[in-house]
Amino acid sequence: MEARYEPRRLEAKWQQIWEETRLFDAAEDPDRPKYYVLEMFPYPSGRIHMGHVRNYTIGDVVARYKWMRGNNVLHPMGWDAFGLPAENAAQKAGIHPARWTYDNIDYMRGQLKALGYSYDWRRELATCDPDYYRWEQLVFLEMFRQGLAYKKMSPVNWCPQCRTVLANEQVEDGACWRCDSEVVLKELEQWFFKITDYAEELLGDLDRLEHWPERVITMQRNWIGKSFGAHIHFPVQGEAEPLTVFTTRQDTLLGATFMSLAPEHPRALALARGTPQEAEVRRFVEHWGAVNKSRGALEDVTKEGVFTGRYCVNPVTGWDLPIFIANFVLMGYGTGAVMAVPAHDQRDFEFAQKYGQRITVVIQPPGEELGADILTQAYEDEGVLVNSGPFSGQESAPAREAIAAYLAEKNLGAPAVQYRLRDWGISRQRYWGAPIPIIYCEACGAVPVPEADLPVVLPLDVEIRQVGASPLAELESFWRTTCPACGGPGRREVDTMDTFVESSWYFLRFACPDYAQGILDPARVNYWSPVDQYIGGIEHAVLHLLYARFFTKVLRDLGHVNLAEPFARLLTQGMVLKDGAKMAKSKGNVVDPSDMIQTYGADTTRLFLLFAAPPERDLEWSDQGVAGAHRFLHRVWSLTHTILPDIQNVPAYEGIGTDFSPGLWEFRHKVHQTIKKVTEDIEGDFHFNTAIAAAMELVNAFYQTLEALPREELTFRVWREAIEVLVKLLNPMVPHIAEELWQILGNDTSLQLQTWPAAQPEALMESAFTLVVQVDGKLRGKIVVPVSATDEELKTWALNDPSVQKWLKGEPRRVILAKRKLVNIVT
RNA sequence: GCCUGGGUGGCGGAACGGGUAGACGCAAGGGACUUAAAAUCCCUCGGGGGUUACCCCCGUGCCGGUUCGAGUCCGGCCCCAGGCACCA
């Protein structure tokens, strides 16, 4: 009597066994190669969504596979637990952020356990736990000591109505997302991490990340934005101090006809002082200086400017260049001043036309003759220099070198490198985050909290009421303290750290989450790191993955880890879509993983997510596809029970099958081909979809074989071998049913402890193959031939095949044999 | 505008360095079993055509090229998704 496949009962059973036997606890072991697989940890938002399930299932397959391959696997899970939604929930529902967060963690942990993931739960950590962020505070202090953490004035998004700073994500079309009032830029003192110190290494090491997706590398490269060019000093008439610009096109220097400054340029107002333009300049600067330039709203804004009444001098041509303030010049890039070359920069061209400025062509495209009078737009490509004195006739690239050298020699400038990357502002005027461990003192300034006083614990006895603002500033018991340096009155920093700080190093802490003597336990972190395989969404391509790389290098330089790059391999999995759109509550297309587990079980849910698309591609959810996955598991279940009486008391076949009937040999051949295929698909680029397809083919072949093969002991022994192979191959993907079937087959140790099957070379060998015959590249016939045939025999048989002969027109001109697989006859 | 991906049946997707296009699954149609349904099993399943146990023509976004042979390589376009974007 066949037992029913009851996923819920059987999954609960195995989850309990794995937990009770501590099967997935990881420990350092010098005798086995370590393998650290990690999925990006979740924010405890309330419930696991299908995107999480996809992410963690991919990681779990990798972990369980590597395990069976003999690796010492580390596979941890934790919670990125600080963040704004907790505060919002607190205001809305009156629950304390800590309570809300920990309740969510408890619930979501249960959901993850119901999916049967192979985590070492002893290592679970939550970043809002003082035992975690105390070490983060220590990292901050060490960075502060090295000058890598510093404070400076910086513009932030400020809502005057709510009287709080807003994150970029909370500004919608320049207005506060809550009260819809206009957001202004406000200068505030903010803490920064000096990521720009690492710009060069972060850029250079991208070349070493061979197993990262190309697009992530490209995105990071663009984000860092390294440009080669020159600084050029333009003397200002009547002033000692020149204006310095950065340009990548110093080859166009002799075509510079005016100068543009950013509205926020420190000398903008000073230059206009005393000129007739002063009032107009002041109005312009006030207007445009207040507009937030960091966001997209400026795209459609027309180019505007105002003349300052002052001139500077083109250091090579000696021309007087009027100095403008222009709304399109960015203070945050380069020097905030640009030389305007209207003939060769579209922005400058438009500006020059509007304000009647001179246009001089200094670059000629090949085979064309440009003139200032006929230009309808700027020519921005490279070419040959003209009207450029001694540099005329040179190509752009060598001219850039020559002009930079000339400038350096005359002390008029120097070659320069410019990065787009800016320092990382980490101050958040928020409550639910890690406190920044600094005390302000009238006498001593910003003083680090002594290491012995860590952690600076985030107080829980606060009332969350004011919209969005941190309550820490109002909590005197928190901020009132004494200066650690002089003992005088002190005031704690009330800002908290950006939550991206926590996720910048959690993967290292997983190696030693219980370590109480410091940030990282050197022995353990150096054993486990780097993460061999990191898996997560593409949305973190720049921010998290760049910060994590930065932090790893900082921690290396601080002596905590012996590592330059944290993630050896990166897999960015695609989104889970339903009806063509990302699952979202607002769209009403959410499928709840817990419902799927209830209806079909964790194994079916996992199997569908692995089978429906390759991991890096978006996946379209299909209820019918899930049913199909379930049907396959049923087939495997029934197959095992069908053959069970026959194979119960026979050992698995172990020979090389030379004395087999053709049918039996063919079946065993399929078994070993499947081993090869599944192994290669997983090893290659995690092509689980085709690995599962191969397993399905094996099951189909198995069913066909049940009737076809003679019912004798040899058959049963091969069946036994085949079913054991099948169950092992399926284990990483659908571990519960695999374990259950393994037990039903009479084994009493966990399937997870078995070694991965190896394809037997003898069983992979072919005695015959299908020769494809083409005539003039068109398929005309197929012949089954023995592998022992010679090349000449293959050609002869192809030519003599009846279905081929009718296409031949006399003597063929050529006969091509390709890879002993295909013959093409050219007539 | 720039940078990544990607365009293959009704659908999700296969096809290792150029060599049988459509594996595997879903949906659909037909059949078996059943009093009936569900479940299960079997067959068909890119389009068109024919002399229909077989065979032919067309077919991987579009146009051209290389090659005995192109989904795959080269050149030129078109469309979709994502990222960056007044970066001098």
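Lettering of chains follows the sequences in order, A, B, ..., and the numbering in each one begins at 1.
- A donor-acceptor pair is defined here as one N or O able to donate and one able to accept, closer than 3.5 Å; no such pair exists between the side chain of A:Thr360 and the backbone of A:Gly255.
- Residue A:Thr248 has its side chain nearest to B:A88 when only B:G19, B:A88, B:G25 are considered.
- When atom types are taken as modelled, the side chain of A:Thr257 and the backbone of A:Arg358 share a donor-acceptor pair closer than 3.5 angstrom.
- Rounded to an integer number of Å, the gap from A:Trp621 CH2 to B:G25 P is 19 Å.
- Although no hydrogens or angles enter the test, the distance criterion places no donor-acceptor pair under 3.5 Å between the side chain of A:Glu264 and the main chain of A:Ala262.
- Remark: P of B:G18 and NZ of A:Lys821 are 12 Å apart, rounded to the nearest angstrom.
- We find that CG of A:Asn327 is positioned 12 Å from P of B:C86, with the value rounded to whole Å.
- Residues passing the side chain to side chain donor-acceptor pair (under 3.5 Å) test with A:Tyr419 are A:Glu200, sequence neighbours excluded.
- Each of A:Tyr600, A:Phe632, A:Trp637 was evaluated against A:Tyr5; a single residue qualifies, A:Trp637, per the ring pair (Phe, Tyr, Trp, His ring centres under 6.0 Å) test.
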task = Take A:Lys795 and A:Asp791, measure what salt bridge (charged side-chain N to carboxylate O under 4.0 Å, His left out) needs, and give me the verdict at the end.
result = CA-CA 6 Å; A:Lys795 287 183 187 177; A:Asp791 288 3; over 6 Å; no
message = Applying salt bridge (charged side-chain N to carboxylate O under 4.0 Å, His left out) to A:Arg249 and A:Glu380, what does each step give before you reach the verdict?
response = CA-CA 10 Å; A:Arg249 290 301 302 273; A:Glu380 297 190 322; over 6 Å; no
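- Within 3.5 Å, no donor on the side chain of A:Glu616 pairs with an acceptor on the base of B:G5, nor the reverse.
- Within 90° of 0 lies the glycosidic angle of B:U52, which makes this nucleotide syn.
- With distances taken from any side-chain atom of A:Arg780 to the nucleotides B:U20, B:C56, B:A88, the minimum falls on B:C56.
- Nucleotides B:A37 and B:G31, compared at atom P, are 12 Å apart to the nearest Å.
- A 6.0 Å sphere centred on CD of A:Glu766 holds more than 12 heavy atoms belonging to other residues, nucleotides or ligands.
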ask   = Reading nucleotides 39-45 of chain B 5' to 3', which nucleotides get B (base under 4.0 Å from a protein heavy atom), which S (sugar-phosphate only), which -?
value = -SS----
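- You'll find that the side chain of A:Gln774 is closest to B:U20, out of B:G12, B:U20, B:C24.
- Put simply, the side chain of A:Leu609 reaches to within 4.5 Å of the side chain of A:Met50, judged on heavy atoms.
- Taking the side chain as every heavy atom from C-beta outward, A:Arg813 and A:Val826 approach each other to under 4.5 Å.
- Distance check on atom P: B:A15 versus B:G30 gives 33 Å, rounded to whole Å.
- Straight-line distance between the C1' atoms of B:G65 and B:C16: roughly 27 Å, to the nearest whole Å.
- With its glycosidic angle within 90° of 0, B:G9 adopts the syn conformation.
- Closest to the side chain of A:Val338, from the set B:A88, B:G12, B:U4, is B:A88.
- The P atoms of B:U44 and B:A23 are separated by 12 Å, rounded to the nearest whole Å.
- B:G13 and B:C26 have their C1' atoms separated by 10 Å, with the value rounded to a whole Å.
- The CH2-P distance, from A:Trp807 to B:C55, rounds to 11 Å in whole Å.
- Rounded to whole Å, atom P of B:G6 lies 12 Å from atom CD of A:Glu214.
- Here A:Asn689 reaches the OP1 or OP2 of B:A14: one of its side-chain N or O atoms lies under 4.0 Å away.
- Closest to the side chain of A:Lys778, out of B:A85, B:C57, B:A23, is B:C57.
- With B:A21, B:A14, B:A88 as the choices, the nucleotide that has an atom nearest any side-chain atom of A:Leu779 turns out to be B:A21.
- A:Ala612 comes within 4.0 angstrom of the backbone, heavy atoms only, and of no base.
- Of the candidates B:G13, B:G12, B:C84, the closest approach to any side-chain atom of A:Arg420 belongs to B:C84.
- Below 30°, between 30° and 60°, or above 60°: for A:Trp288 and A:Phe284 the angle between ring planes is between 30° and 60°, a tilted geometry.
- In this structure A:Arg635 satisfies the side chain to side chain contact (heavy atoms under 4.5 Å, CB included) test together with A:Val699, A:Asn700, A:Tyr703, sequence neighbours excluded.
- With P as the reference atom, B:A85 and B:C78 are 25 Å apart, rounded to whole Å.
- Residue A:Met219 contributes atom CE, which lies 7 Å from atom P of B:G83 at whole-angstrom precision.
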task = May I have the step-by-step check of side-chain contact (heavy atoms from CB on, under 4.5 Å) for A:Phe328 and A:Asp348, ending in yes or no?
result = CA-CA 10 Å; A:Phe328 63 89; A:Asp348 296 340; 3.9 Å; yes
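- The residue A:Arg617 sits close only to the backbone: its heavy atoms come under 4.0 Å of sugar-phosphate atoms, none of a base.
- Mapping A:Glu620 and A:Glu697 onto RNA chain B via the closest heavy atom, the residue that lands nearer the 5' end is A:Glu620.
- What separates CD1 of A:Ile538 from P of B:G82 is a distance of 13 Å, to the nearest Å.
- Atom-to-atom, CD1 of A:Ile816 to P of B:U20 comes out at 15 Å; the value is rounded to the nearest Å.
- Of the candidates B:C56, B:C87, B:G69, B:C87 carries the atom nearest the A:Arg347 side chain, counting heavy atoms from C-beta on.
- Partners of A:Thr604 under the side chain to side chain donor-acceptor pair (under 3.5 Å) rule, at least two apart in sequence or in another chain, are A:His630.
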Watson-Crick or G-U pairs under 3.5 Å in RNA chain B, rendered as dot-bracket with [ ] for crossing pairs and | for another strand = (((((((..(((......[....))).(((((.......))))).(((((...)))))..(((((..]....))))))))))))....
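- For B:G71 and B:G46, the C1' atoms lie 15 Å apart once the distance is rounded to whole Å.
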Give me, pair by pair, the N or O atoms of the protein and of nucleotides 73-77 of chain B that are less than 3.5 Å apart, along with how far apart they are.
none

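- Within the 4.0 angstrom heavy-atom criterion, no nucleotide atom of any strand lies near A:Pro213.
- Out of B:A15, B:C57, B:A88, the shortest distance to the side chain of A:Tyr333 is found at B:A88.
- Taking 4.0 angstrom as the limit, A:Arg215 places none of its side-chain polar atoms (N or O) nearer than this to OP1 or OP2 of B:G5.
- When distances are taken from the side chain of A:Asn824 to each of B:G19, B:A88, B:G83, the shortest belongs to B:G19.
- Comparing B:G75 with B:C80, their C1' atoms are spaced 23 Å from each other, to the whole Å.
- A:Asn700 has a side-chain polar atom (N or O) that falls below the 4.0 Å cut-off from OP1 or OP2 of B:G25.
- The side-chain heavy atoms of A:Leu209 and A:Val216, taken from C-beta on, include no pair separated by under 4.5 Å.
- Where A:Thr218 and A:Asp348 meet RNA chain B, the nucleotide closest to each residue was compared, and A:Thr218 sits on the side nearer the 5' end.
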